[in-house]
Each structure stands twice: as C-alpha cells, then as structure tokens.
Amino acid sequence: QSYGDLALRRQADGIISLGMHIPFVHRKNRKSADPKWPPLVMVCEYLGTIPVPSVTIDNRRAAYDATRHLLDLGHRDIAYIGGANDFSLSRERLKGFKSALSRAGLKADESRLFSGDFTPGFGLDAARSILGQKNRPTAIFCASDELAMGAMSAAHGLGLSIPRDLSV
C-alpha cells in the first residue's frame, strides 16, 4: 500500500507489481481501473477482476515441464511446495504438476502437497515436514525460487546433498 501511495503522490512514475493486489485499490468491489491511477503493469499474476495490463507466463505449462524434467530424471516420488491457492499462478502450477504426474501414470500424494506463502521460511517449514516423513521423496517441486531456497536450506540442515540425495 505504501508503494501505491508513493505513485499516487507522483513520487514514482508507475508500478510494476509482482503480487495479486493493486496497491491503490481501497474498495474491494471496484470493477475498473481509475483514470487517476499512475501507470500499472501486473507481472506474473492475473487479477481477472480489474482490467490492467499484465505480463504472464503459462504457469500450468511451466510447472508441467519442470515436473516432466524431474520424471525424466527417474523420480517417481515427488513432493510439491507452492504458494497460497488464492493466487491463480499457484492454482495453475499445481494443476501442471498434477497433470505431469498423471500423464506418467502417477498420482500426487496429498500428504506431500504444501501450499502457503511464497517465502523461504514457508519453503523451509514445508520441506522439513516433507523430509521428516517416513519414506521421504526423492524430489521436491517448488513453485518459486523463494520456496526452493527454503527447501534447499532444510535439506542441507538434514545433511542431504542436492542433487545426490534430493532434487529440488
């Protein structure tokens, strides 16, 4: 919100947002952009409710391809750490992950699917839970670099070598 306020006061020329919230929307039921807003481009996340310019990737395909890579390396037991499901990119990445497993004749183990914040801290906590399970997976798909940093930290903390003991 503070960055949105800077732009509204013209202390910034515009905003490139990586999140799913428009930083100067104060009313939840707004259906269109306000012409008084400074330039705004959404990156990674599609809002759908308010038409603003956006730059995105095919999150489902990207997750499918990354999971396919793990499968091609021989992994058959792959855990998933993703962002909160209120983000469309999180939902799409999880769909891509599950789709790749399904095409390989595998099913995602619900006890190894973790969704939360896109932070290294959540990646660390989720990976500790995953790696603490009786039969730990051979790979973890992380839906962001931040989550992967946390997962790798958890693995190193347990004395695991990446990629020898665990692929991330």
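Computed from a predicted structure; not experimentally measured.
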> To the nearest 0.5 Å, how far apart are OG in S144 and CG in D117?
Replying inline: 10.5 Å
> Using a distance-only test with no angle check, is there a side-chain donor-acceptor pair under 3.5 angstrom linking N59 and R93?
Replying inline: yes
> With the 4.5 Å side-chain cut-off for hydrophobic clustering, are V168 and F118 part of the same group?
Replying inline: yes
> Between A155 and L131, what is the shortest heavy-atom contact and its length?
Replying inline: CA-CD1, 3.9 Å
> When you measure from the side chain of Q133 to the backbone N and O of S111, does any donor-acceptor pair fall under 3.5 Å?
Replying inline: yes
> So, the side chain of H156 versus the backbone of M152: is there a donor-acceptor pair under 3.5 Å, distance only?
Replying inline: yes
> Are L101 and L94 joined in one hydrophobic group, where the rule is that I, L, V, M, F, W and Y side chains link up if heavy atoms are under 4.5 Å apart?
Replying inline: yes
> Are any of the side-chain heavy atoms of F122 and E146 separated by less than 4.5 Å?
Replying inline: no
>> Determine whether a donor-acceptor pair (N or O, by modelled atom type, separation under 3.5 Å) exists between the side chain of R76 and the backbone of L71.
In response: yes
>> Determine whether a donor-acceptor pair (N or O, by modelled atom type, separation under 3.5 Å) exists between the side chain of T67 and the backbone of A63.
In response: yes
> Should the ring pair F97 and F141 be called parallel, tilted or perpendicular, given that the plane angle runs from 0 to 90° and is split at 30 and 60?
Replying inline: tilted
> Any chain of hydrophobic side-chain contacts (each under 4.5 Å) joining I57 to L89?
Replying inline: no
> With no hydrogens and no angle check, is any side-chain donor or acceptor of S90 less than 3.5 Å from a backbone partner on A84?
Replying inline: yes
>> Tell me which one of L106, L70, I140 satisfies side chain to side chain contact (heavy atoms under 4.5 Å, CB included) with H75.
In response: L70
>> Taking atom CG as the centre, does D13 end up with more than 12 heavy-atom neighbours from other residues, nucleotides or ligands that are less than 6.0 angstrom away?
In response: no
> If we only count heavy atoms from C-beta on, is the P137 to I78 side-chain gap below 4.5 Å?
Replying inline: no
> So among H69, R61, R68, which one has a side chain to side chain donor-acceptor pair (under 3.5 Å) with D65?
Replying inline: R61
> Is there a salt bridge (Lys or Arg N to Asp or Glu O under 4.0 Å) between E110 and K98 once you walk through the steps?
Replying inline: CA-CA 11 Å; E110 295 295 323; K98 287 181 173 182; 3.7 Å; yes
> Does F114 belong to the same Ile/Leu/Val/Met/Phe/Trp/Tyr cluster as L158, with side-chain heavy atoms less than 4.5 Å apart forming each link?
Replying inline: yes
> Can you name the one residue among D125, L124, I130 that meets side chain to side chain contact (heavy atoms under 4.5 Å, CB included) with I81?
Replying inline: I130
> Has D165 got more than 12 heavy atoms of other residues, nucleotides or ligands less than 6.0 Å from its CG?
Replying inline: yes
> Could you give the distance from OH (Y80) to SG (C142), rounded to the nearest 0.5 Å?
Replying inline: 9.5 Å
>> Do L73 and L166 sit in one hydrophobic cluster, given that two such residues count as connected whenever their side-chain heavy atoms are within less than 4.5 Å of each other, even indirectly?
In response: no
> If we only count heavy atoms from C-beta on, is the L40 to M42 side-chain gap below 4.5 Å?
Replying inline: yes
